[in-house]
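We're numbering straight along the sequence, starting at 1. Just so you know, these numbers come straight off a predicted model, no measurement behind them.
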Amino acid sequence: AWQSPGKASRTMRVAALFDVHANLPALDAVLEDVRAAGVDLIVFGGDIAPGPMMRETFTRVLNLDIPAQFIHGNGELGVLAQINASSPDAVTYWGTTGGAPLPEPLKEVVRWSARQVLPEHARAMAGWPMTLRLSIPGFGNALFCHGTPHSETDAFTRLTPEDVLLPVFDGLGADIVVCGHTHMQFDRMIGATRVVNAGSVGMPFGRTGADWLLLGPDVELRNTRYDLDEAAARVRGTAYPHAEQFAATSILNPPSESEILEVFTRISF
């Protein structure tokens with residue numbers, strides 16, 4: 001169990017930040033709200049990488065003035081696989097979803113992102129686990145995972161039928177499971193388990209802003225507003241391979257929730 005010293009007299013507050021994708025302006029805006037909320041611990045739920053501001057984002061998250069814990073997502077595993085490969089063609093892990101191979105433009109993103117990673121950042125990433133369990137005083141037992149407790153690439157949504165998800169979430173011994181990966185927030189029951197998707201800080205679907213989750217004393221699905229035009233300009237000023245597309249579709253005009261629900265609702269199940 002994790003507990004912040006000297007704060008046992010009140011409910012612990014935990015912020016879940018998933019799928020930052022190296023969008024530093026979005027992250028910085030969320031961190032302002034996190035501080036204002038009096039958060040005791042931040043859990044980064046995977047896919048801090050890849051994205052357009054790799055070094056700056058990793059420097060930020062690894063040097064916070066708030067306690068933080070991390071799990072990996074498919075993004076981190078893809079970047080690490082690229083860093084450790086003898087050649088680009090030797091990479092066998094691409095964080096596929098539903099068995100589909102990663103398109104070549106996304107491989108280019110991972111390769112570029114891997115070249116931005118400092119050695120100390122790579123060492124930190126390599127030590128992150130797949131899941132994290134926390135006993136949160138005043139709240140209960142929480143399990144954090146990127147996709148599902150068994151896979152960092154499994155994708156499901158608020159509409160995925162419960163019967164196919166029951167075997168995945170049965171018998172976990174958790175009061176709540178917090179996940180991400182599909183970049184859309186939801187709060188639903190799967191059997192007796194409450195499952196909450198924190199959404200994406202850096203690449204939300206369905207609306208602009210930066211999505212995240214606050215735990216304690218209940219569950220709050222948060223959306224932080226920030227200067228989208230300024231963030232888009234900063235992304236366009238990077239050498240990221242698809243900077244214009246990231247600015248347009250991840251910051252200024254995200255795809256609609258209905259479009260993404262059609263893709264992700266049954267893709268892994």
Side-chain angles (χ1 to χ4, degrees), residues 1-4 12-24 26-31 33-35 37 39-84 93 95 110 113-114 116-136 139 141-154 174 176-183 196-203 210-216 222 224:
W2 190 96
Q3 185 169 323
S4 178
M12 183 181 294
R13 310 198 92 191
V14 177
L17 278 55
F18 281 63
D19 297 280
V20 174
H21 284 289
N23 180 346
L24 186 61
L27 173 63
D28 281 342
V30 168
L31 289 174
D33 280 356
V34 163
R35 291 187 179 93
V39 164
D40 302 293
L41 175 71
I42 299 173
V43 175
F44 286 94
D47 280 17
I48 293 172
M53 302 177 193
M54 291 286 294
R55 291 182 183 177
E56 304 94 326
T57 300
F58 272 92
T59 297
R60 185 80 80 250
V61 301
L62 294 174
N63 294 279
L64 287 171
D65 55 356
I66 301 172
Q69 296 196 40
F70 301 82
I71 60 175
H72 69 239
N74 54 300
E76 281 81 23
L77 294 186
V79 168
L80 286 170
Q82 184 65 59
I83 291 171
N84 296 323
Y93 180 90
V110 176
S113 297
Q116 314 312 307
V117 177
L118 297 175
E120 58 267 31
H121 297 167
R123 287 192 294 271
M125 268 195 290
W128 296 347
M130 178 179 174
T131 62
L132 174 68
R133 289 182 179 269
L134 293 178
S135 179
I136 304 175
F139 189 81
N141 296 316
L143 172 63
F144 297 81
C145 58
H146 185 67
T148 69
H150 310 289
S151 168
E152 74 279 355
T153 58
D154 276 348
I176 187 169
V177 174
V178 181
C179 61
H181 187 50
T182 55
H183 299 204
V196 185
N197 191 305
S200 171
V201 170
M203 298 178 67
D211 288 339
W212 58 287
L213 174 70
L214 181 62
L215 293 175
R222 295 286 192 99
T224 293

I176 vs L215, side chain to side chain contact (heavy atoms under 4.5 Å, CB included): CA-CA, chis, key distance, verdict:
CA-CA 10 Å; I176 187 169; L215 293 175; 4.1 Å; yes

Calculate, to the nearest 0.5 Å, the distance between atoms CG and NE2 belonging to D19 and H181 respectively.
8.0 Å

Hey, does the side chain of N23 reach the backbone of G202 with a donor-acceptor pair shorter than 3.5 angstrom?
yes

Dump the intermediate steps for side chain to side chain contact (heavy atoms under 4.5 Å, CB included) on N141 and R133, then the final yes or no.
CA-CA 7 Å; N141 296 316; R133 289 182 179 269; 6.0 Å; no

A side-chain contact here means heavy atoms from C-beta on lying under 4.5 Å apart; do M53 and L27 qualify?
no

Any donor-acceptor N/O pair, E76 side chain to G46 backbone, under 3.5 Å:
no

If we ignore hydrogens and angles and just use 3.5 Å, is the side chain of D211 paired with the main-chain N or O of V201 as donor and acceptor?
no

Side chains of L41 and I136: does their closest heavy-atom pair fall under 4.5 Å?
no

What's the shortest heavy-atom distance between R13 and G216, and which atoms?
NE-O, 3.1 Å

Side chain of T224, backbone of A29: donor and acceptor closer than 3.5 Å?
no

Just by distance, do the side chain of H183 and the backbone of M203 share a donor-acceptor pair under 3.5 Å?
yes

Would you call the rings of H146 and F18 parallel, tilted or perpendicular, where under 30° means parallel and over 60° means perpendicular?
parallel

Begin from the C-alpha positions of V14 and D40 and carry the test side chain to side chain contact (heavy atoms under 4.5 Å, CB included) through to its verdict.
CA-CA 6 Å; V14 177; D40 302 293; 6.0 Å; no

Pairwise distance SG(C145) to NE2(H72) - rounded to 0.5 angstrom:
10.5 Å

I'd like to know if the side chain of D47 reaches the main chain of N74, judged simply by a donor and an acceptor atom lying under 3.5 Å from each other, with no hydrogens or angles considered.
yes

Can you measure from CH2 (W212) to CD1 (I42) and round to the nearest 0.5 angstrom?
8.5 Å

Strictly distance-based, threshold 3.5 Å: is any side-chain N or O of R55 a donor or acceptor partner for the main-chain N or O of Q116?
yes

Which atom names give the shortest non-hydrogen contact between I83 and A122, and what distance separates them?
CD1-CB, 4.2 Å

Output for pair (I48 CD1, S113 OG), nearest 0.5 Å, gives 13.0 Å

Nearest heavy-atom contact between V177 and A174 is CG2-CB, 4.5 Å

Please find the pair of heavy atoms, one from A37 and one from R222, that lie closest to each other, and give the distance.
CB-NH2, 4.5 Å

State the CG-OG1 distance between D154 and T182, to the nearest 0.5 angstrom.
11.5 Å

Out of curiosity, M125 CE to L80 CG, how far, rounded to the nearest 0.5 Å?
4.5 Å

Considering only heavy atoms from C-beta outward, does the side chain of D33 approach that of V30 to under 4.5 Å?
no

Decide yes or no on side chain to side chain contact (heavy atoms under 4.5 Å, CB included) for Q69 and L134, but give the supporting numbers first.
CA-CA 10 Å; Q69 296 196 40; L134 293 178; 4.1 Å; yes

Taking every non-hydrogen atom, the tightest pair across V79 and P50
CG2-CB, 4.4 Å

Smallest separation among heavy atoms of F70 and V61, with atom names:
CZ-O, 3.5 Å

